[in-house]
> 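Here it is, the structure in full.
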Amino acid sequence: MTLKALGLVSALALAAAMGLSACSTTTGGSAMTPPAIAPAPGPEAVDVHTHARPEIARVVDVALDLTADFNAKTLAGTATLDILAIPGANEIVLDIRDLDIQDVRDAAGQPLRYVVGDNDAVLGQPLTVYFPAFAANERRKITIRYSTRPNAAALQWLSPSQTAGGQKPYLFSQGQAILTRTWVPTQDSPGIRQTYSARITAPEDLTVVMSADHLTPNGERAANGMKTWRFRMDNPIPPYLIALGVGDIAFAPFDGRTGVWTEPSRLRAAQWELEPTAQMVTAAEKLYGPYRWGRYDLLVLPPSFPFGGMENPKLTFATPTIIAGDRSLVSLVAHELAHSWSGNLVTNATWNDFWLNEGFTVYFENRIMESVYGHDRAMQEQVLGWDSLQDTLKSLPAADTRLHLDLKGRDPDDGMNDIAYEKGALFLRTIERTVGRDRFDAWLRGYFDRNAYRPMTTAMFLQDIRDNLIKGDAGLESQLQMDAWVYQPGLPSNAVAPVSHAFEPVDAAAVAFFKDKGPASAIPWADWNTQQRQRFLGWRPEGLRTGADWLTTAQLADLERTLNLANEGNAELTFAWLQIALAHRYQPSVATAEKFLTSQGRRKFVLPLFQTLWNEGDWGRSNARRIYAEARPLYHPVTSGSVDQLVGRP
């Protein structure tokens, strides 16, 4: 029977056919037993960003056996997939993009017929594997022999010169949102959770790490100057969290269950900067229950990493731009740690509901920061988030300011903005403010327990909160305006802007300098923390959408010289300064911008700065093209793909 003939079978029918439970209700101990789960039910759970048909046949485990070839810039070997299917299913559809498939075999080593379908610019290609029809309660393995290509969008192969040490090459992966299919042939959907294991062979002078338990911490000798490293992840995870790093890296602990990996020359600085990680894990557990993943370590990557952080389980990948020398940017660690509950444990079933990962995580991050650093610091970061959200609301079409999106036919990266992050968090803070913190915390901890290892949709979230918090209270339902928050554009009438009194002197200083044209020497810069400095540099005259025509060249020079902005070591502050300076075509800032854009590849900084340059006509565009031609080889495809659309490929 073909998949087309089976198309009316629901995800719940698959679960029943396989004897699977939807979720686990065990809450005792330090770790829940992860259930073997079916995809989330309901129309909102249909993932438009996968070719897979998980209601018919689905992958439940991936076993990788790959060799890293730094000369060819390929990973080559096999992926063995464990498959569950309904009775009668005789094919499974996987996701691939730019993979060279050599053969597919069953558990006995016999070849299986397969077809690689037409390429879609966003989704890549379907890989359909055919086999004899499944019997009831049957589980099978298939093995795919394949190789990645040098242009695999999830993988970045760095030359020695692109690393801090300058002596050895480096490889890392970035799978979110739908890039895992460029290095692992599987069903690449966040709603299709999978366990995984891996055997990775690499040059013996490099170390391999993954988002899993390290079964061979020192590696095992292999032939031809190679070493093999083995890993296992027993908790089912969305495939975008399968992550790999290979390079000259070393480890330093914070305590018995947390620590940091990075290049040896940067290890001491990273260990000091990120030492609060251990305290954050303890704070997070006190808020919302046990950390269920064993270790929590960080891998501080080379500068080309395209994001601030990536919440790969057991091993957060992080940008070196958070190493500011004063621990001022460690909220990023709180954010990625919070994903161990919101995102890794309870995951958006599709990218239309990305806010279920990020909105919850921004809320949780702020609670961790409040617990560790106090109420004032947490409120400052809330206000900065609110300011950023207002800019995002102005810049997007109304339909894209809803929490629940329709991204069919679009890249899921289109939904990765402050609507998911800051509007989502503001929604949860609105619920907390309305019902009270104690009541909200009790619901949220229960939400994580009830839905652990489960894909989640907005409809399922709304049902959970109505069943377990609102409980039929019509007045409370009306107060919360939940449907308006998730399904309507903009902000509902019950949205309240956060306030930080720590910003009052900052705003006064900003008005005195930017509006009243006072001297930069009057700015009490040395007395402010990083968040206050960000607030100052983010100030704009009322109604102004860009930075142009409100500062003179003399004022810009005074600001740059007095605050030493050309030599600022904090990436957030450098970025904020350059947004002002470049929008004014302040020529001395071009050298600072060139240094910044060619020394790190974080898309959060890179894309807006190129956009600012691009908006400045011939002056900006000539600088943008020149700088990008130099910078592009540094960038991960996630970043260069975005800038290519703006500047064009050099």
Side-chain angles (χ1 to χ4, degrees), residues 28-32 207-219 229 231-235 237 241 243 245 247-301 305 308-345 361 364-374 377-378 381 445 448 452:
S30 62
M32 300 173 88
T207 297
V208 181
V209 293
M210 293 192 78
S211 55
D213 289 324
H214 295 200
L215 303 182
T216 54
N218 298 313
W229 308 73
F231 305 88
R232 180 67 195 167
M233 168 57 71
D234 288 324
N235 293 343
I237 60 172
L241 294 177
D248 179 18
I249 55 175
F251 178 78
F254 304 133
D255 65 4
R257 63 172 171 171
T258 63
V260 61
W261 295 87
T262 194
E263 294 185 69
S265 64
R266 293 180 170 177
L267 185 59
R268 184 175 179 182
Q271 183 183 24
W272 182 87
E273 191 88 17
L274 305 177
E275 187 269 339
T277 298
Q279 188 179 357
M280 289 179 179
V281 175
T282 299
E285 290 187 311
K286 288 180 179 178
L287 284 167
Y288 298 124
Y291 176 78
R292 295 166 168 91
W293 303 90
R295 292 197 59 84
Y296 182 75
D297 296 322
L298 298 108
L299 172 65
V300 179
L301 288 156
F305 185 59
M310 184 62 216
E311 63 271 18
N312 302 313
K314 296 179 177 288
L315 187 65
T316 281
F317 284 17
T319 171
T321 63
I322 65 170
I323 310 300
D326 59 3
R327 296 178 176 168
S328 61
L329 304 180
V330 293
S331 61
L332 184 142
V333 177
H335 183 92
E336 305 309 332
L337 169 64
H339 269 305
S340 301
W341 286 259
S342 49
N344 297 6
L345 193 65
T361 296
F364 192 174
E365 164 201 343
N366 196 250
R367 293 293 303 277
I368 294 171
M369 293 300 291
E370 179 179 338
S371 176
V372 176
Y373 293 100
R377 171 74 175 268
E381 294 188 350
R445 177 163 181 164
F448 291 136

> Just verifying a value: how many Å separate Glu311 CD and Trp341 CH2, rounded to the nearest 0.5 Å?
13.0 Å
> Does Ser342 reach the side chain of Phe448, with side-chain heavy atoms less than 4.5 Å apart?
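A side-chain contact under 4.5 Å exists here.
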> Work out which heavy atom in Glu381 is nearest to a heavy atom in Ser331; give both atom names and the distance.
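Residues Glu381 and Ser331, closest heavy atoms: OE1-CB, 3.5 Å.
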> Taking the cut-offs as 6.0 angstrom to the six-membered ring centre and 45 degrees off its axis, would you call Arg327 and Trp272 a cation-pi pair?
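Verdict for Trp272: a cation-pi partner in Arg327.
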> Quick check on Arg268: does its CZ atom have over 12 non-hydrogen neighbours (other residues, nucleotides or ligands) under 6.0 Å away?
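No, the 6.0 Å shell around CZ holds no more than 12 heavy atoms from other groups.
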> I'd like to check Met233 versus Trp293 (side-chain heavy atoms, cut-off strictly below 4.5 Å). Are they in contact?
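Of all side-chain heavy-atom pairs linking Trp293 with Met233, at least one is under 4.5 Å.
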> Under the criterion side-chain contact (heavy atoms from CB on, under 4.5 Å), which of Val209, Val300, Val208 is the partner of Ile249?
Val209
> Side chains of Met369 and Met280: closer than 4.5 Å at any heavy-atom pair?
yes
> Name the residue from Phe317, Phe254, Phe251 that meets the ring pair (Phe, Tyr, Trp, His ring centres under 6.0 Å) definition with Trp261.
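Among Phe317, Phe254, Phe251, the one meeting ring pair (Phe, Tyr, Trp, His ring centres under 6.0 Å) with Trp261 is Phe251.
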> Does the pair Leu337 and Thr316 meet the rule for a side chain to side chain contact (heavy atoms under 4.5 Å, CB included), with working shown?
CA-CA 8 Å; Leu337 169 64; Thr316 281; over 6 Å; no
> If the test is side-chain contact (heavy atoms from CB on, under 4.5 Å), which one of Asp297, Leu241, Leu298 qualifies with Asn312?
Leu241
> In the structure I gave you, are the side-chain heavy atoms of Arg266 and Ile323 within less than 4.5 Å of one another anywhere?
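No; the side chains remain at least 4.5 Å from each other.
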> If you define the side chain from C-beta out and look only at heavy atoms, does anything of Arg295 sit under 4.5 Å from His214?
no
> Given side chains that start at C-beta, do those of Thr321 and Leu329 come closer than 4.5 Å, heavy atoms only?
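No, too far: nothing below the 4.5 Å cut-off.
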